[in-house]
Amino acid sequence: MALGKYSPEDIEKKWQAIWKESGCFQVETDPSKPKYYVLEMFPYPSGKIHMGHVRNYSIGDVVARFKTMQGFNVLHPMGWDAFGLPAENAAIKHETHPATWTYQNISEMREQLQRLGYSYDWRRELATCRPEYYKWEQMFFLKFLEKGLAYRKDSPQNWCPTCNTVLANEQVEEGLCWRCDSEVEQKDMEQWFLRITDYADELLKDLETLEGGWPERVLTMQRNWIGKSYGAELTFQVKDMSETIDVFTTRPDTLYGATFMSVAAEHPMVEKLIADAPNRAEIEAFVTNIRNMDRIKRGADDLEKEGVFTGKYCVNPVTGKDIPIYVANFVLMGYGTGAVMAVPAHDQRDFEFATKYGLPKQAVINPPELQEKGEKLDAATLTEAYSAPGFLIHSGDFDGMPNEDAKKAVVEHLDKSGKGKMAVNYRLRDWNVSRQRFWGAPIPVIYCDDCGVVPVPEKDLPVLLPENAQVRKDGKSPLPAMEEFVNCACPKCGKPARRETDTFDTFFESSWYYMRYCDPRNESEPLGAEHLNYWMNVDQYIGGIEHAILHLLYSRFFTKALRDCGYVTNSEPFANLLTQGMVLKDGGKMSKSKGNVVDPNAMINQYGADATRLFILFASPPVKELEWSDQGIDGAYRFLSRLWRLVEELEDVLTPMTPASHGAPASDAAKSLRFKEHDTIRRATRDIENEFQFNTVIAAIMELVNELYQVKDELRETDPAALSSAIATAVTLLSPVAPHICEELWAALGHTANLTAQPWPTYDEKALVLDQVTMVVQVNGKVRGKFEAPNNAPKDEVEKLAMNLENVQKFMEGATVRKVIVIPNKLVNIVVG
RNA sequence: GCGGGCGUGGCGGAAUUGGUAAACGCGCCAGAUUUAGGAUCUGGUACCUCACGGUUUGGGGGUUCGAGUCCCUCCGCCCGCACCA
């Protein structure tokens with residue numbers, strides 16, 4: 001067959017059709033074969049793919065194709081994270097149903113992905129908005145309820161006024177909604193929660209097992225988010241009242257120095273404490289003011305510490321002294337117990353607060369240098385809190401004890417009277433999964449006046465999202481007003497009851513989709529064990545850093561929760577994680593408002609899928625940011641054309657040889673080419689296996705092609721087999737990156753079987769051993785010459801050759817040789833002085 | 001403040017983990033081919049210098065025969081968390 005001109009459009013269409021026809025990317029559970037599960041984070045069907053998607057999926061596709069060639073049974077699926085707000089907003093705008101918009105986007109985006117030639121097993125495609133999918137997570141929820149992992153609670157929640165829904169803590173970024181950047185408000189609501197905090201310790205501990213497989217910064221972010229700290233929970237009796245207030249502290253050793261208490265404005269005790277205060281109105285105004293303050297201002301560094309005395313006291317359990325209770329603006333209800341014992345001498349915040357309000361400071365930790373001199377720290381002399389270690393003073397029987405020891409001792413002492421115990425505190429809060437939006441999976445519970453909260457019986461699942469719903473202009477969910485949805489019979493007593501109208505957070509869907517891919521069409525159970533046990537875990541997960549906490553933490557939690565419900569056996573979903581860098585243009589993120597968006601479709605039209613993939617993988621290693629360059633993709637296209645022309649020009653002498661199969665090079669040119677060929681295999685394999693450094697893999701293949709151009713005219717006559725072998729190698733190595741052109745060139749070499757079915761080439765160590773090596777000569781560490789030496793020449797011979805070099809002689813003149821270092825086959829360093 | 005990461009030509013980036021710094025590509029320069037080209041091929045391209053040679057991986061110091069790589073220190077940038085009790 002004659003090649004003709006390189007026309008990406010024609011050959012890409014052609015090979016995509018052949019692959020589809022052959023079903024070569026379809027895989028089955030097969031325990032006789034080693035498996036490899038590579039997964040890219042599935043996209044939200046927004047309408048079109050962007051360069052970030054192309055990068056994400058191209059990286060994954062190379063991994064999938066590479067592992068397939070290495071002989072693994074590779075699972076590489078694709079699907080759609082299809083529930084969510086944008087669909088609803090678009091539906092409002094276009095006066096249609098969110099499903100219409102979503103399914104249309106899915107079909108457009110699927111087509112775009114197919115144009116890029118990705119090796120997905122499309123039979124496994126799933127969309128989370130389909131009842132066949134969300135039915136199962138409704139069932140999971142029922143199991144969670146049964147197990148006590150799901151519960152309902154009335155509490156202040158993050159409310160996004162623009163999205164008209166609550167948000168989980170993880171979805172609030174610096175006080176703003178993660179999706180629309182609106183200021184998040186606090187609103188008291190009754191909501192469904194999942195007990196992710198029950199798993200806080202395991203989620204933290206198991207991060208160790210991900211060490212090495214996950215980027216360090218993602219592990220760190222998760223550690224910080226979980227925020228484990230060791231300390232104690234101490235109970236303070238409120239004076240003249242029956243109530244007590246618990247505090248969490250990491251410094252129980254400073255308890256003797258606690259001279260007042262601060263509680264958060266949201267603390268449930270506040271109301272009782274101020275009930276009979278003469279200045280109640282004033283206090284209430286202060287409290288309301290704090291509660292209404294937005295989170296950014298309240299969390300600001302420079303916010304002045306302010307508080308107000310409640311009029312009540314509590315009793316310091318060790319000193320027996322009455323200490324005043326304040327409401328303070330810097331105490332957060334969301335951390336610890338929402339109440340803090342204040343030790344102004346040893347905590348900077350308390351110090352500032354005490355100074356401002358004239359509250360007493362009592363030093364109880366003595367700095368070592370004072371302790372040595374037999375002196376005691378006087379709090380009155382402090383200009384800031386002393387928070388370093390030391391020895392206890394003014395602390396009764398504990399005086400003289402190192403403060404680290406005292407932490408335990410003080411708590412043990414309190415424990416006897418039930419007033420304190422060692423405690424671990426987490427920053428992590430339970431996951432609020434209720435959303436007041438329409439386009440999500442309905443939460444399967446029913447409210448009955450007589451029976452209370454009643455789970456929907458499993459046989460009645462799925463609770464379907466009504467197809468005839470009309471989205472509302474005001475953005476609120478239409479569900480509460482839909483009588484045919486809301487009104488139902490109580491499954492327990494049969495009386496009229498109301499259905500829950502909230503839907504799940506969409507992160508619920510994305511927390512288990514990767515497991516469903518293992519057995520996506522199972523109608524009798526969510527996860528077929530045989531398939532799940534074979535395919536899971538995901539060996540390589542690839543996606544953006546923006547999910548470092550959100551999706552990745554929820555998925556880890558889900559895996560553990562489903563394990564405890566008996567669905568899965570593994571504890572961690574993703575063995576290895578690659579967070580790819582962003583695609584930038586002109587130094588900034590591509591965005592519509594900046595007008596610097598490069599449309600993948602336009603690139604495919606102009607240069608083809610192969611050149612687009614090649615550029616995006618060549619320009620930068622996957623974890624780094626990638627600067628889009630119009631000239632760069634030009635260069636990628638040029639390289640592919642260059643490879644194409646090489647084959648075209650030699651077509652008449654090329655034969656269908658397997659890679660690296662030419663074993664008897666006669667000429668120097670053929671020897672050199674053979675070395676390059678095997679060395680390229682070595683480098684390419686090493687670099688893919690080492691952190692997926694596709695940029696250097698491609699560079700190595702380019703070098704091989706450059707070498708081919710050097711020797712092609714000579715070898716065309718004398719040793720065409722050398723060319724056939726080397727070209728087969730280049731084409732095979734490049735095929736995961738630019739699969740269409742490589743298939744075409746592979747066929748042009750005369751091969752009849754598809755390249756996708758070929759094994760990854762292996763190199764011969766012996767081919768990398770040269771007769772002659774170039775050695776570098778240094779004098780005092782500076783390069784002064786080079787020479788050719790036989791491979792593995794004896795040390796003294798090499799030394800002699802090195803010393804004899806004219807330029808080396810020059811630099812040794814008049815000096816004595818002190819030492820000669822010889823690194824075999826590499827360099828000689830002559831030390832003179 | 002705490003934590004993670006980074007700093008190499010005009011640009012994107014290499015460097016077999018302590019052994020020729022700048023591979024590969026972009027850009028630029030020159031030559032060839034061509035009616036012509038923004039196509040293609042060949043060569044050149046860190047900096048200073050006519051040259052010999054010298055200098056260079058954010059700055060300074062150290063270890064070493066030898067440091068982009070290891071250690072100390074300072075500077076700068078990016079990211080995450082942040083009144084966390």
Side-chain angles (χ1 to χ4, degrees), chain A residues 173-174 215-225 227-229 231 247-251 254 258 261-262 264 298-305 328-332 334-343 346-350 352-353 425-427 545-546 548-549 614-615 618-621 623-636 638-639 641-642 645 679 682-683 686-687 690 693 695-703 705-706 709-710 774-786 807 810 818-833:
Chain A
E173 294 169 350
E174 294 182 27
E216 199 53 46
R217 76 175 161 145
V218 176
L219 296 175
T220 307
M221 282 164 78
Q222 292 217 351
R223 281 190 188 109
N224 290 344
W225 187 261
K228 183 178 189 175
S229 60
V247 302
F248 174 76
T249 178
T250 53
R251 294 295 304 272
T254 64
M261 176 179 284
S262 309
R298 193 170 166 185
D301 249 357
D302 50 0
L303 182 75
E304 170 93 20
K305 289 182 181 35
N329 63 348
F330 65 90
V331 180
L332 308 170
Y335 185 79
T337 61
V340 189
M341 68 175 214
V343 185
H346 303 292
D347 180 279
Q348 187 57 26
R349 292 159 304 185
D350 298 341
E352 287 168 29
F353 194 87
N425 187 58
Y426 296 94
R427 212 181 75 113
I545 185 76
E546 66 273 16
I549 292 172
L614 177 68
F615 169 71
F618 178 59
S620 195
V623 295
K624 280 187 103 166
E625 291 184 333
L626 180 146
E627 174 76 24
W628 182 267
S629 152
D630 292 335
Q631 280 135 354
I633 189 165
D634 241 7
R638 205 177 301 159
F639 169 70
S641 309
R642 188 167 147 85
R645 283 194 308 273
D679 195 44
R682 183 185 66 81
R683 286 167 63 189
R686 181 196 69 198
D687 290 356
N690 174 36
Q693 300 281 334
N695 54 328
T696 54
V697 173
I698 295 163
I701 300 167
M702 286 172 166
E703 284 184 54
V705 172
N706 288 345
Y709 264 82
Q710 296 298 319
T774 304
M775 294 195 67
V776 171
V777 188
Q778 299 180 330
V779 179
N780 288 345
K782 288 190 194 261
V783 179
R784 298 300 180 192
K786 285 173 207 178
N807 200 46
K810 201 172 107 191
R818 305 216 182 264
K819 203 174 183 180
V820 181
I821 315 277
V822 178
I823 307 296
N825 291 341
K826 260 199 181 129
L827 81 102
V828 180
N829 188 11
I830 302 161
V831 186
V832 299

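Chain naming here is simple, since letters A, B, ... match the order of the sequence lines and numbering starts at 1 in each. Heavy-atom basis, side chains included; hydrogens, waters and symmetry copies ignored. Here the structure is a predicted model, which means the values were calculated and not measured.
- A 4.5 Å side-chain heavy-atom check between A/F330 and A/F353 finds at least one atom pair inside the cut-off.
- A/R784 pairs by the salt bridge (charged side-chain N to carboxylate O under 4.0 Å, His left out) definition with nothing, not counting sequence neighbours.
- Partners of A/D350 by salt bridge (charged side-chain N to carboxylate O under 4.0 Å, His left out), not counting sequence neighbours: none found.
- For A/K228, the salt bridge (charged side-chain N to carboxylate O under 4.0 Å, His left out) partners are A/D201, not counting sequence neighbours.
- A/G635 comes within contact range of the sugar-phosphate backbone alone, with a heavy-atom separation under 4.0 Å but no base atom that close.
- A straight line from CZ of A/F248 to C1' of B/rA85 spans 8 Å, rounded to a whole angstrom.
- Under the ring pair (Phe, Tyr, Trp, His ring centres under 6.0 Å) criterion, A/W225 pairs with no residue at all, not counting sequence neighbours.
- Across every strand in view, B/rG9 sits unpaired, with no contact that passes the Watson-Crick or G-U test at under 3.5 angstrom.
- The glycosidic torsion of B/rG12 lies more than 90° away from 0, which places this base in the anti conformation.
- Base pairing of B/rG38: no nucleotide in any strand meets the Watson-Crick or G-U wobble criterion (both distances under 3.5 Å).
- A/I830 places its CD1 atom 15 Å from the P atom of B/rG66, with the value rounded to the nearest Å.
- Across all strands shown, B/rA15 forms no Watson-Crick or G-U wobble pair with both key distances under 3.5 Å.
- Taking A/T774 as the reference, A/K786, A/E788 meet the side-chain contact (heavy atoms from CB on, under 4.5 Å) condition, with sequence neighbours excluded.
- Under the Watson-Crick and G-U wobble criteria, each requiring two contacts below 3.5 Å, nucleotide B/rC50 is left unpaired.
- As rounded to whole Å, 10 Å separates atom P of B/rG3 from atom CG of A/N224.
- Rounded to an integer number of Å, the gap from A/R251 CZ to B/rA85 P is 11 Å.
- Nucleotide B/rU63 forms no Watson-Crick or G-U wobble pair with any nucleotide shown, as no partner meets the under 3.5 Å limit on both distances.
- Nucleotide B/rG3 is matched to B/rC79 when pairs are restricted to Watson-Crick or G-U wobble geometry with both distances under 3.5 angstrom.
- Looking at residues two or more places apart in sequence or on another chain, you find a side-chain contact (heavy atoms from CB on, under 4.5 Å) between A/A339 and A/I245, A/V247, A/V263, A/H267, A/T337.
- For A/E216, the side-chain contact (heavy atoms from CB on, under 4.5 Å) test picks out A/E211, A/L219, A/T220, A/R223, with sequence neighbours left out.
- Searching all strands for a Watson-Crick or G-U wobble partner of B/rA21 with both distances below 3.5 Å returns nothing.
- With its glycosidic angle within 90° of 0, B/rU17 is assigned syn.
- Shown here are the salt bridge (charged side-chain N to carboxylate O under 4.0 Å, His left out) partners of A/D679, two or more places apart in sequence or in another chain: A/R682.
- Not a single donor-acceptor pair under 3.5 Å links the side chain of A/S262 to the backbone N or O of A/V340.
- Atom CZ in A/R427 sits about 8 Å away from atom P in B/rC81, given to the nearest Å.
- Rounding to whole angstrom units, CD of residue A/Q710 and C1' of B/rG43 are separated by 10 Å.
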Only pairs under 3.5 Å count here: list side-chain donor-acceptor contacts from residues 775-783 of chain A, not counting sequence neighbours, and write none if there are none.
unit_1	atom_1	unit_2	atom_2	d
A/N780	OD1	A/V832	N	2.9
A/N780	ND2	A/V832	O	3.4

Grab the N/O contacts between the protein and nucleotides 37-41 of chain B below 3.5 Å, and write none if there aren't any.
unit_1	atom_1	unit_2	atom_2	d
B/rU40	O3'	A/R645	NH2	2.9
B/rC41	OP1	A/R642	NH1	3.0
B/rC41	OP1	A/R645	NH2	2.9

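- To the nearest angstrom, C1' of B/rC79 lies 8 Å from CE of A/M221.
- Atom CZ in A/F330 sits roughly 12 Å away from atom P in B/rC83 (whole-Å rounding).
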Which parts of nucleotides 6-24 of chain B does protein reach within less than 4.0 Å, heavy atoms only, written one letter per nucleotide 5' to 3' as B for base, S for sugar-phosphate only and - for none?
------BSS-S--BB--BB

5' to 3', nucleotides 47-56 of chain B under a 4.0 Å protein heavy-atom cut-off (B base, S sugar-phosphate only, - none) gives -----SSSS-

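- Side-chain atoms of A/S229 lie closest to B/rA85 of the nucleotides B/rG27, B/rA85, B/rC83.
- The phosphate of B/rC81 (OP1 or OP2) has no side-chain N or O of A/R223 nearer than 4.0 angstrom.
- One side chain, A/R642 or A/N706, offers a donor N or O that lies under 3.5 Å from an acceptor on the other.
- Pair assignment for B/rC84: none, as no Watson-Crick or G-U wobble contacts are both less than 3.5 Å.
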